[in-house]
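First comes the structure, then the notes that go with it.
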Amino acid sequence: NSGLSKLLPKATLSAAFTAATAGDTIIMNDGVYSSAHLELNKPITILPWSYRGTTIRSTNTSHTLYVNAHDVTLGALVLDTDGVSATALRSASAKRNLRLYGTKLIGKAYSLYHTGTVYAYGLQVVSTDATVAVFRLDPALPGDVVIEDMVCDANVTCKSSVDGVNFVFRRNSIASK
């Protein structure tokens with residue numbers, strides 16, 4: 001399929017990622033997508049058809065989605081480790097400008113493991129394990145980490161400071177499971 005309309009979608013997420021060029025937007029049909037290895041290696045935007053109507057679920061033990069590009073934007077998707085993988089969203093070293101808008105991360109060990117700058121608005125972080133799911137940010141480049149309107153469940157550790165990083169937390173809350 002051409003992937004140019006809701007009625008003619010690409011057959012797989014990998015096919016959509018491969019066909020996209022820098023600056024493109026992929027709009028995913030609602031549903032649950034399972035994948036063994038998803039890697040974003042170009043600056044694109046991924047949006048769901050409806051708010052949190054699209055779930056990407058991992059079938060590998062490493063991560064649900066791996067970002068290996070600067071300037072990646074994720075809309076209100078659900079990234080779910082399904083209790084299998086360690087990290088919902090993982091990035092390569094020193095990637096700039098990861099933008100998360102209304103994204104829900106369901107993790108086991110790390111919900112978000114990112115090195116570089118990140119802007120997160122309306123983020124929800126959920127742990128699937130009795131252990132703590134860490135929201136880990138290790139910026140390698142100068143820049144603020146802005147996290148606004150984040151909701152974490154009781155098992156998630158959201159660190160408010162890391163050496164050399166300016167975190168901005170606004171209107172955050174802790175939700176019970």
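- A88 and T81 make their closest contact through N-CG2, 3.4 Å (heavy atoms, listed as atom of the first residue, atom of the second, distance).
- Put simply, CG on L65 and CD1 on I56 are 6.0 Å apart, with the number rounded to the nearest 0.5 Å.
- Each salt bridge (charged side-chain N to carboxylate O under 4.0 Å, His left out) pair with one or both residues in residues 34-45, not counting sequence neighbours, would appear here, but there are none.
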Side chain to side chain contact (heavy atoms under 4.5 Å, CB included) between L38 and F17: does it pass, once the steps are laid out? CA-CA 9 Å; L38 280 178; F17 293 172; 3.6 Å; yes
Full working for side chain to side chain contact (heavy atoms under 4.5 Å, CB included) between M28 and L77: CA-CA 9 Å; M28 295 177 62; L77 302 169; 4.2 Å; yes
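- Expressed to the nearest 0.5 Å, how far NE2 of H63 lies from CZ of R90 amounts to 9.0 Å.
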Would Y119 and L98 count as a side chain to side chain contact (heavy atoms under 4.5 Å, CB included) here? Give the steps. CA-CA 6 Å; Y119 307 94; L98 174 63; over 6 Å; no
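- Remark: S50 engages D30 in a side-chain hydrogen bond (donor to acceptor under 3.5 Å, both in side chains) (not counting sequence neighbours).
- Test L74, I106, T55 against L79 for side-chain contact (heavy atoms from CB on, under 4.5 Å) and you get one pass: L74.
- For the side-chain contact (heavy atoms from CB on, under 4.5 Å) test, no residue two or more places apart in sequence or in another chain qualifies with T18.
- In this structure, T45 OG1 and I26 CD1 are separated by 9.0 Å, a value rounded to the nearest 0.5 Å.
- Considering only residues two or more places apart in sequence or on other chains, Y33 meets the ring pair (Phe, Tyr, Trp, His ring centres under 6.0 Å) condition with none of them.
- Partners of A19 under the side-chain contact (heavy atoms from CB on, under 4.5 Å) rule, at least two apart in sequence or in another chain, are K10.
- L47 and L100 are not part of a single hydrophobic cluster, where members link through side-chain heavy atoms under 4.5 Å apart.
- Under the salt bridge (charged side-chain N to carboxylate O under 4.0 Å, His left out) criterion, the residue pairs touching residues 51-68 are R57-D80, R57-D82, with sequence neighbours excluded.
- Taking all atoms of both residues into account, the shortest heavy-atom contact from G102 to Y51 is O-OH, 4.1 Å.
- In terms of the side-chain hydrogen bond (donor to acceptor under 3.5 Å, both in side chains) criterion, R99 has no residue partners (sequence neighbours excluded).
- A distance-only check finds no donor-acceptor pair linking the side chain of T87 to the backbone of L89 [under 3.5 Å].
- Contact detail for P48 and G75: the closest heavy-atom pair is CD-C, 4.2 Å.
- Residues forming a side-chain hydrogen bond (donor to acceptor under 3.5 Å, both in side chains) with D71 (at least two apart in sequence, or on another chain): N97.
- Annotation: side-chain hydrogen bond (donor to acceptor under 3.5 Å, both in side chains) contacts involving residues 20-29, sequence neighbours excluded, comprise K6-N29, T21-D24.
- Residues passing the side-chain hydrogen bond (donor to acceptor under 3.5 Å, both in side chains) test with N1, sequence neighbours excluded: none.
- Considering all non-hydrogen atoms of both residues, S34 and T59 come closest at CB-CG2, 4.0 Å.
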